[in-house]
Every structure is written in structure tokens, then in C-alpha cells.
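What follows is a set of notes on a single structure, which appears directly below.
Whatever order the structure lists ligands and atoms in, that order sets their numbers, starting from 1. This one's a predicted model, so the numbers in the text were calculated from it and none came from an experiment.
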Amino acid sequence: MKVMIVGGGGREHAIAMAVKKSSRVDKIYCCPGNAGIAKIAECENISVMDFEAQVAYAKEKNPDFVIIGPDDPLAAGIVDEFEKAGFKTFGPRKNAAILEGSKAFSKDLMKKYGIPTAAYENFDNADDALKYLETASFPIVLKADGLALGKGVLICNTKEEAIDGVKSIMLDKQFGSAGNRLVIEEFMTGREVSVLSYTDGKTIKIMTSAQDHKRAGDGDTGLNTGGMGTFSPSPFYTEEVDKFCKENIYQKTVDAMAAEGREFKGIIFFGLMLTPNGPKVLEFNARFGDPEAQVVLPRMKNDIIDVMEACVDGDLEKINLEFEDNAAVCVMLASEGYPVKYEKGFEIKGLENFEGKDDYFCFHSGSKFDGDKIVTNGGRVLGVTAKGDNLKEARKKAYDATEWVSFDNKYMRHDIGKAIDEA
Ligand code: AMP
Ligand code: GLY
């Protein structure tokens with residue numbers, strides 16, 4: 001069969017690699033793709049938000065199955081457009097993608113259905129939000145309601161910081177229309193774990209756990225990024241935590257969406273915080289994490305098409321989801337200066353070192369062809385990933401492999417997975 005993937009980052013490269021392994025697939029298309037994905041898929045440089053051009057491309061190539069990678073097109077209803085044109089498409093429709101697309105929606109959903117999360121209030125004007133801060137306790141967390149490239153969350157230690165934050169989100173529109181509404185929520189403490197799942201709207205199957213490193217600098221310093229590295233599984237995701245979440249979070253979320261008439265088919269990514277009062281939901285995403293996909297998908301034993309098709313068809317129940325009993329670590333190679341200001345267009349050398357090695361992967365996040373050279377084309381450039389028998393071995397292998405590739409302004413964190421030493 002023929003499969004089309006929408007997106008062009010490391011997550012979509014990991015999805016493409018999993019699709020490539022499927023014995024059922026003989027051709028992959030990817031829009032826009034990147035220089036890494038181009039090795040295994042036919043790529044066409046179409047923006048993920050240009051639904052008309054994406055669908056027109058699909059009509060030309062006639063894929064049997066379409067997979068949507070990123071959040072923005074999902075929230076804007078790309079699945080509905082592909083379905084209208086008759087394509088079998090993996091991902092939530094617009095009315096369900098709101099689970100990620102509006103934090104105010106997701107908080108209200110959790111409150112209504114008793115899903116554990118931080119206490120909060122929603123605001124649709126700055127005056128009310130500022131008044132609320134008068135009697136609040138600090139630190140406090142401000143969240144722009146809409147999608148903001150993972151950057152719309154401000155942790156404010158003092159009232160002054162929070163006042164500035166409300167003004168910059170709601171009045172100065174630092175995150176654009178994402179800041180038309182604001183969630184102000186209780187500050188929680190604890191370890192963070194990412195748990196990804198497949199759901200067909202009724203049944204939910206949990207994937208192996210992972211942990212991201214969102215800050216740009218070693219020791220969790222610096223600005224928030226899209227993610228500087230991941231490991232999987234998380235040793236902090238114990239059986240006890242799993243049991244709690246299965247009883248109080250996962251199925252409840254799927255059922256809540258169905259009860260609201262917003263049947264969710266696709267990936268639900270649960271961003272959890274393991275607080276002293278038990279696991280709570282920090283956020284939902286309506287798609288694979290990036291770079292969580294890069295450590296979770298290489299460990300999945302199932303044929304990804306079987307699983308995704310079962311989600312669309314509504315018979316996920318019959319799938320026995322299985323992961324390898326090993327570990328993976330992904331270290332993001334970024335451009336110095338990311339996430340603020342950085343140069344692009346530098347030649348990437350050494351990519352051939354990854355060829356023919358089963359345990360090593362070099363997922364491209366931001367790369368493109370410049371003639372016959374491959375050059376950097378983003379803040380996050382490559383997700384260097386290794387599998388090992390355990391987390392320590394995977395981490396050593398991943399860091400060794402970061403030396404195999406070079407480009408000017410190469411930057412990485414040196415402590416990805418360091419937390420596992422405390423487990
Ligand atoms: P989110 O996009 O909602 O996952 O938030 C981004 C990051 O902000 C999370 O990964 C946490 O590190 C942090 N964060 C979000 N909400 C809270 C909260 N209520 N308490 C403490 N930290 C938070
Ligand atoms: N790695 C976090 C995310 O994809 O949102």
C-alpha cells in the first residue's frame with residue numbers, strides 16, 4: 001500500500017521509519033519532509049498548513065492511508081479535509097484536536113470528569129486575570145489558551161512577574177491569538193513523564209513511557225524549547241503510577257471526549273507530573289511528541305500501520321501493543337542560539353556513519369538539500385538516537401554517536417538522561 005505523511009520534522013522522520021518497516025507498505029510520500037526523510041519517502045515541499053495543496057497532492061498520488069504528524073494542522077482541521085476528499089486518515093478531527101488546541105477546553109474537561117490536574121481559572125480578559133492575581137499565591141503558572149509552539153507557558157515566581165506575563169500574553173499578544181484566553185493555574189512540583197497512547201475513540205492502548213528535556217541548557221536552565229532530548233522508558237513511571245493513571249486518567253479522558261461528542265481517534269499524549277499528591281495531568285497533546293516519538297517508535301514491536309488502521313477503524317481492542325524490553329535515548333543536536341536566534345545553512349557531515357547500524361538512528365528535524373549537500377535548516381537539526389539493553393547503555397551509545405556528525409554551530413545538552421542515575 002501507499003502511505004502519505006504530513007509533516008517535516010524529527011517526529012515525522014521517526015514515523016516514516018516505522019512505516020518503512022511495515023511489510024504492508026511499498027511507497028511513502030511526505031509533505032514537506034526533509035533531507036533525512038527524503039531517503040525513504042518521496043517528499044514535496046508543501047506547507048503543513050496549506051490544506052488545499054496537501055489534499056491536491058494526495059489526489060495526485062492516491063495514498064491508501066494518510067498520517068498527520070504536527071499539532072497545528074490537526075487543531076485547524078486537516079483530518080476533516082482529507083476525509084472529505086475520501087482519504088483514510090490517522091489523527092483526531094478538528095472537534096477532538098481541541099484537546100490540545102485549547103488549554104481552557106482541556107482544563108474544563110478534566111474538571112467536569114474528575115481527571116486529576118492542577119487547580120485553575122480561565123480568563124478571557126486581562127482585567128479579570130490581573131484582579132485574580134491580587135489574592136493568588138506564588139509561584140503561579142500562566143498558560144496561553146492556544147497553540148504557541150510549546151512556548152506559551154510562563155512560570156511566575158512573584159506577583160510582578162505574573163502581572164507582566166498577563167500583559168504580554170493577553171495585551172501585547174506575545175503568542176498571537178493563542179493568548180486571547182488565558183489559564184492561570186496552581187504551580188505543582190514533581191517529576192514529569194510523557195505517556196503516549198493510541199486510541200480509537202473507545203479503547204486506549206498505552207505506549208512505553210518517556211521523558212523530555214524542555215529547557216535549552218544543561219541542568220534544566222535557559223529557555224523552553226521544543227525538546228532537547230528524551231529517554232524511554234522513564235524509571236519513575238512505576239507500576240503503581242501506571243495503575244493510578246489507568247484508573248483515573250487514560251480511559252476517563254477517552255470516555256470524556258466521547259461523552260462530549262468529540263470522539264478522539266489518534267494519539268493522545270499525556271504530559272504528567274508525578275506530584276507528592278499523585279500523578280496529575282499537565283497537558284494533553286493530540287499527536288506524537290517530538291522528540292518523544294524518536295525514542296518510543298524505534299522500540300515498538302507492532303506494525304505501525306496495523307495499529308493506526310485499527311484506530312481509524314475502531315477496532316484497536318484487537319491489537320496487542322508491544323514494546324521491546326530495552327531502552328532508547330535521543331540527544332538533539334541543535335543550532336547554537338536556539339530557541340532564540342541562530343544561523344542555518346551549514347553543511348552536515350558524517351551522516352553516512354549511521355547507515356547499516358540497527359541500534360542507531362539519526363532523525364532529521366531541520367535539514368534540507370543544498371545542491372548535493374545536506375545543510376542545517378532549523379533550530380533543532382538532528383535527533384541522534386541509540387537503543388541499548390538499559391538506559392545507561394543507550395545514553396552512552398547516543399552520546400558516542402553525537403560525535404559521528406558535525407556541522408558549524410552544533411549545540412547539544414550534555415545531561416540528557418542524567419535523571420536516571422537518581423532512579
Ligand atoms: P505544558 O505545555 O502545559 O506542558 O507546560 C510546559 C512546561 O511547563 C511543563 O512541561 C512543565 O515543566 C511546566 N508546567 C506546566 N504547568 C505547570 C504547573 N501547573 N506547575 C508546574 N510546572 C508546570
Ligand atoms: N516534546 C514535547 C512535545 O512534543 O510537545
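Taking 4.0 Å as the cut-off between side-chain N and carboxylate O, Lys159 and Glu134 count as a salt-bridged pair. In summary, Arg24 and Asp303 do not engage in a salt bridge, as defined by a charged side-chain N under 4.0 Å from a carboxylate O. Salt bridge Glu260/Lys112: present, at least one basic N to carboxylate O contact under 4.0 Å. Between Glu83 and Lys265 there is no salt bridge, since none of the side-chain N atoms of the basic residue sits less than 4.0 Å from a carboxylate O of the acidic one. Ion pairing between Asp145 and Lys107 fails under the 4.0 Å rule for side-chain N and carboxylate O.
In this structure, atom 3 (C) of ligand 2 lies nearest to the protein heavy atom Arg287 NH1, 3.5 Å. In this structure, atom 22 (N) of ligand 1 lies nearest to the protein heavy atom Ile155 CD1, 3.5 Å. Looking from atom 10 (O) of ligand 1 to the surrounding protein, the closest heavy atom is Glu192 OE1, 2.6 Å.
Atoms of ligand 2 found under 4.0 Å from any heavy atom of Gly289 (numbered from 1 in listed order, with element): 4 (O). Interface atoms of ligand 2 facing Gly226, defined by a heavy-atom separation under 4.0 Å, are 1 (N), 2 (C). Close contacts of ligand 1 with Phe187, meaning ligand atoms under 4.0 Å from a residue heavy atom, involve 20 (N), 21 (C). Counting atoms of ligand 2 from 1 in the listed order, those under 4.0 Å from a heavy atom of Glu292 are 1 (N), 2 (C), 4 (O).
Tested against Leu74, the residues Asn285, Leu99, Val79 include a single side-chain contact (heavy atoms from CB on, under 4.5 Å) partner, Val79.
With atom 8 (O) of ligand 1 as the reference point, the heavy atom nearest to it among Leu282, Val153, Asp220 is part of Val153. Distances from atom 20 (N) of ligand 1 to the heavy atoms of Lys214, Met188, Lys143 put Met188 nearest. Of the listed residues (Glu283, Glu185, Glu100), the one carrying the non-hydrogen atom nearest atom 19 (N) of ligand 1 is Glu185.
Looking at ligand 2, you'll find an N or O of Asp212 within less than 3.5 Å of one of its N or O atoms. Between Asp290 and ligand 2, at least one N/O pair is under 3.5 Å apart.
Aromatic rings of Phe270 and Phe284 (six-membered ring for Trp) have centroids within the 6.0 Å cut-off, being under it.
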Do Glu185 and Lys103 pass the salt bridge (Lys or Arg N to Asp or Glu O under 4.0 Å) test, and can you show the C-alpha distance, the side-chain angles, and the key distance before you say yes or no?
CA-CA 11 Å; Glu185 78 175 27; Lys103 289 191 192 280; over 6 Å; no
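At a 4.0 Å heavy-atom cut-off, ligand 1 touches Lys103 through the side chain alone. Only side-chain heavy atoms of Asn285 come within less than 4.0 Å of ligand 2; its backbone N, CA, C and O stay farther off.
In terms of modelled atom types and a separation under 3.5 Å, the side chain of Tyr399 and the main chain of Ile416 share a donor-acceptor contact.
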